[in-house]
Amino acid sequence: MPILEKISQSSQARHWTDSIPLEYHYTAGVAGEEFRRELKENGRFLGSKCSKCKNSYVPARMFCPSCFVEMKETRALEGPAYVYSYTTVNKNRTGEPSEPVIIALVKFEGVKGGIVHKLDVDESSRVSFGMKVVPILKDIAERTGALSDIIALKPT
């Protein structure tokens, strides 16, 4: 049956099982690469600022999500971040019980977006919203430009 002919009975439909080998390569993109390079080389988070609406974003982006203008202005974010939200995770990736880990969404003053990472605190009772944190980074020789270069975020 040619491909353009309509099937009038379900018994005319045919299928076969096979596999197609696919290989994926993920890139962080232009703005993502700048963000990763700044983290690797200088241990700082890079943000981008829109020239039209004046909003700043972290991680750095190429285009403003509010007004769709290309953002060419970037800057390293200075000062501590603050805990915006957090949770305690007590299972590993396979669902098995594990030691509790506190994961937080941290934001920067006057910047939209944020970073999700683990906190270096003993107990969740010691975490509070608005608590200021700074990153603990791997040695510069060990950094690869990934978020895994951050060991944890610790309270200031």
With side chain to side chain contact (heavy atoms under 4.5 Å, CB included) as the test, would you mind laying out the steps for V58 and L46 before giving the verdict?
CA-CA 7 Å; V58 67; L46 188 67; over 6 Å; no
All heavy atoms of C50 vs all of M71, minimum pair found to be N-SD, 3.5 Å
Residue pairs passing the salt bridge (charged side-chain N to carboxylate O under 4.0 Å, His left out) test with at least one member in residues 80-105, sequence neighbours excluded, are none
Residues 30-39 vs side chain to side chain donor-acceptor pair (under 3.5 Å), sequence neighbours excluded, gives E38-N42, E38-R44
inquiry  = Measuring only between side-chain heavy atoms, which start at C-beta, is N90 closer than 4.5 Å to P97?
reply    = no
Across all chains, not counting sequence neighbours, the side chain to side chain contact (heavy atoms under 4.5 Å, CB included) partners of T156 are P80, K132, V134
Sorted by chain and residue number, the side-chain hydrogen bond (donor to acceptor under 3.5 Å, both in side chains) partners of T94 (sequence neighbours excluded) come out as N92
So salt bridge (charged side-chain N to carboxylate O under 4.0 Å, His left out) across residues 110-130, not counting sequence neighbours, yields D122-R126
Would you list the atom pairs, donor with acceptor, under 3.5 Å between side chains in residues 141-154 and any protein atom, with sequence neighbours excluded?
from: R143; atom 1: NE; to: K138; atom 2: O; distance (Å): 3.0
from: R143; atom 1: NH1; to: K40; atom 2: O; distance (Å): 3.2
from: R143; atom 1: NH2; to: K138; atom 2: O; distance (Å): 3.4
from: T144; atom 1: OG1; to: D149; atom 2: OD1; distance (Å): 3.4
from: D149; atom 1: OD1; to: T144; atom 2: N; distance (Å): 3.0
from: D149; atom 1: OD2; to: T144; atom 2: N; distance (Å): 3.1
from: D149; atom 1: OD2; to: G145; atom 2: N; distance (Å): 2.6
from: D149; atom 1: OD2; to: A146; atom 2: N; distance (Å): 3.3

Nearest heavy-atom contact between S66 and C53 is CB-SG, 4.5 Å
Residues pairing under ring-ring contact (aromatic ring centres under 6.0 Å, His included) where one sits in residues 116-155, two or more places apart or in two chains, turn out to be Y86-F129
Here the salt bridge (charged side-chain N to carboxylate O under 4.0 Å, His left out) pairs for residues 49-72, sequence neighbours left out, are none
Got more than 12 heavy atoms from elsewhere within 6.0 Å of CG, L22? yes
Does some side-chain heavy atom of S56 sit less than 4.5 Å from a side-chain heavy atom of R75?
yes
For V89, the hydrophobic cluster (side chain heavy atoms closer than 4.5 Å, chained through members) also holds Y82, Y84, V101, I103, L105, V116
Residue pairs meeting ring-ring contact (aromatic ring centres under 6.0 Å, His included), one or both in residues 32-69, sequence neighbours left out, come to F45-F108
Value for CG (L77) from CD1 (I115), rounded to nearest 0.5 Å, stands at 8.5 Å
For the pair S128 and V83, evaluate side chain to side chain contact (heavy atoms under 4.5 Å, CB included) and give the outcome as yes or no after the intermediate values.
-> CA-CA 7 Å; S128 62; V83 174; over 6 Å; no
In short, ring-ring contact (aromatic ring centres under 6.0 Å, His included) pairs touching residues 130-156 with sequence neighbours left out are none
